[in-house]
Amino acid sequence: MGAVISFTNQKGGVGKTTSAVNVAACLAKRGKKVLLVDMDPQGNTTSGVGIGKKQVKSSVYDALIGAAATEDTVITTKFKNLSIIPSTISLAGAEFELQTLENREACAKKMLASVRNQYDYTIIDCPPTLGLLTINALVASDGMIIPMQCEYYALEGLSQLMISVKKIKKLYNPALQLTGILLTMYNGRLILTTQVVAELKKYYGDKLFKVPITRSVKLSEAPGFGEPICYYEPSGKSALQYMAIAKELMLRI
Ligand SMILES: Nc1ncnc2c1ncn2[C@@H]1O[C@H](COP(=O)(O)OP(=O)(O)O)[C@@H](O)[C@H]1O
Ligand SMILES: [Mg+2]
């Protein structure tokens, strides 16, 4: 059975999209069949794997509200083993529209039911809120990965997130697991970083992925070329780091 994993953090700009795209592409490069699901109206995951607006006939929005069959929204990317359910700005209205639907928390689960087992991994990129779209993603997921920066408020944000996740688990998805915490934009030379990592280790122990993702200009450049880092600069340090995360992920779920 395929695993569904959400990349979640209610904070924006922490590396959710970058990590979802690159972990997905690295899993695919390692021979796994992967479906990316772009659940952010900004559509950065979609453009990040080289899919332009013109290529999108129907999107995750249509599949979520049941206006299109999920299979019909899947686009095959030019990268080996990697497909995507794209997002467009129309998804911005979904948060409101989902409110009116029955089982409004389970729309993504329903959407993925017919396709998830065609893939080894389904990777969902969440928006930077804990609204209905993120709740939908977590209800549909077996695991979640929390990308985070080693900032002063990161730990506070993390405990808030874990409280919400606990509620979602209790109400809708008791099987949801924390697959791992992924450190992004890491700079080991900063004292603050060392302190935050020590705290994280204390509370979350081996949930922390062994390899952090360091800061790299290449990682921020790659989406502009519509390429995951393992294609944009295959032997660079960021590609190696994300390949290592993919490997560790495969051992975890
Ligand atoms: N390791 C990194 N090094 C440098 N820039 C990064 C790194 N990870 C992400 N970024 C950049 O930081 C910004 C926010 O990242 P993004 O993945 O979009 O975060 P989120 O999806 O959580 O909002 C983007 O411009 C992205 O290119
Ligand atoms: Mg994002």
Side-chain angles (χ1 to χ4, degrees), residues 5-26 36-51 59-61 84-89 91-92 94-95 108 123-138 141 144-151 153-154 156-158 160-161 164-165 179-190 192-193 196-197 208-234 236-246:
I5 305 162
S6 280
F7 281 63
T8 313
N9 190 327
Q10 76 277 30
K11 213 166 169 248
V14 295
K16 284 183 293 296
T17 298
T18 305
S19 298
V21 164
N22 288 304
V23 169
C26 288
L36 252 175
V37 181
D38 191 350
M39 287 272 272
D40 190 335
Q42 290 184 63
N44 294 342
T45 301
T46 304
S47 53
V49 293
I51 305 297
S59 74
V60 67
Y61 170 76
I84 183 168
I85 300 182
S87 154
T88 61
I89 195 67
L91 187 61
E95 197 94 39
I123 304 283
I124 308 178
D125 181 30
C126 293
T129 58
L130 274 174
L132 210 36
L133 285 173
T134 297
I135 294 172
N136 261 273
L138 292 177
S141 293
M144 60 186 283
I145 290 179
I146 305 177
M148 61 181 287
Q149 273 180 278
C150 296
E151 292 173 335
Y153 291 112
E156 217 169 285
L158 185 57
Q160 275 166 14
L161 175 62
S164 304
V165 168
T179 308
I181 296 172
L182 177 59
L183 299 178
T184 61
M185 300 176 234
Y186 182 87
N187 180 351
R189 282 174 303 186
L190 298 177
L192 180 61
T193 301
V196 173
V197 171
L208 220 60
F209 279 100
K210 289 189 188 73
V211 178
I213 307 297
T214 50
R215 214 172 253 288
S216 138
V217 176
K218 295 279 177 190
L219 267 181
S220 48
E221 273 173 17
F225 296 87
E227 288 189 346
I229 197 70
C230 59
Y231 291 91
Y232 184 65
E233 197 199 25
K237 71 169 185 197
S238 303
L240 300 181
Q241 286 165 357
Y242 273 115
M243 284 302 274
I245 298 297

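In each ligand, atom 1 is the first atom listed, and ligand 1 is the first ligand listed. Basis for what follows: all heavy atoms, side chains included, without hydrogens, waters or symmetry-related copies. The first residue of the sequence shown is numbered 1, and numbering continues consecutively from there.
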Are any side-chain N or O atoms of Ser87 and backbone N or O atoms of Asp40, one a donor and one an acceptor, separated by less than 3.5 Å?
-> yes
Answer with yes or no whether the side chains of Tyr242 and Ser19 bring together a donor and an acceptor at under 3.5 Å.
-> yes
Please tell me if the side chains of Leu183 and Cys150 come closer than 4.5 Å, counting only heavy atoms from C-beta onward.
-> yes
Residues in contact with ligand 1, criterion: heavy atom under 4.0 Å | Gly12, Gly13, Val14, Gly15, Lys16, Thr17, Thr18, Met185, Ile213, Thr214, Arg215, Ser216, Leu219, Ser220
Check: Leu219 main-chain N/O paired with Ser216 side-chain donor or acceptor under 3.5 Å = yes
Sub-2.8 Å protein N, O or S atoms surrounding the Mg ion (ligand 2) = Thr17 OG1
Decide, yes or no, whether a salt bridge links Glu156 with Lys11 under the criterion of side-chain N to carboxylate O below 4.0 Å.
-> no
For Asn9 and Pro147, work out which heavy atoms get closest and say how close.
-> ND2-O, 2.9 Å
Would you please say whether a donor-acceptor pair under 3.5 Å links the side chains of Asp125 and Thr17?
-> yes
Backbone N or O of Thr214 within a donor-acceptor pair of the Gln241 side chain at under 3.5 Å?
-> yes
Determine whether the side chains of Thr134 and Gln10 contain a donor N or O and an acceptor N or O closer than 3.5 Å.
-> no
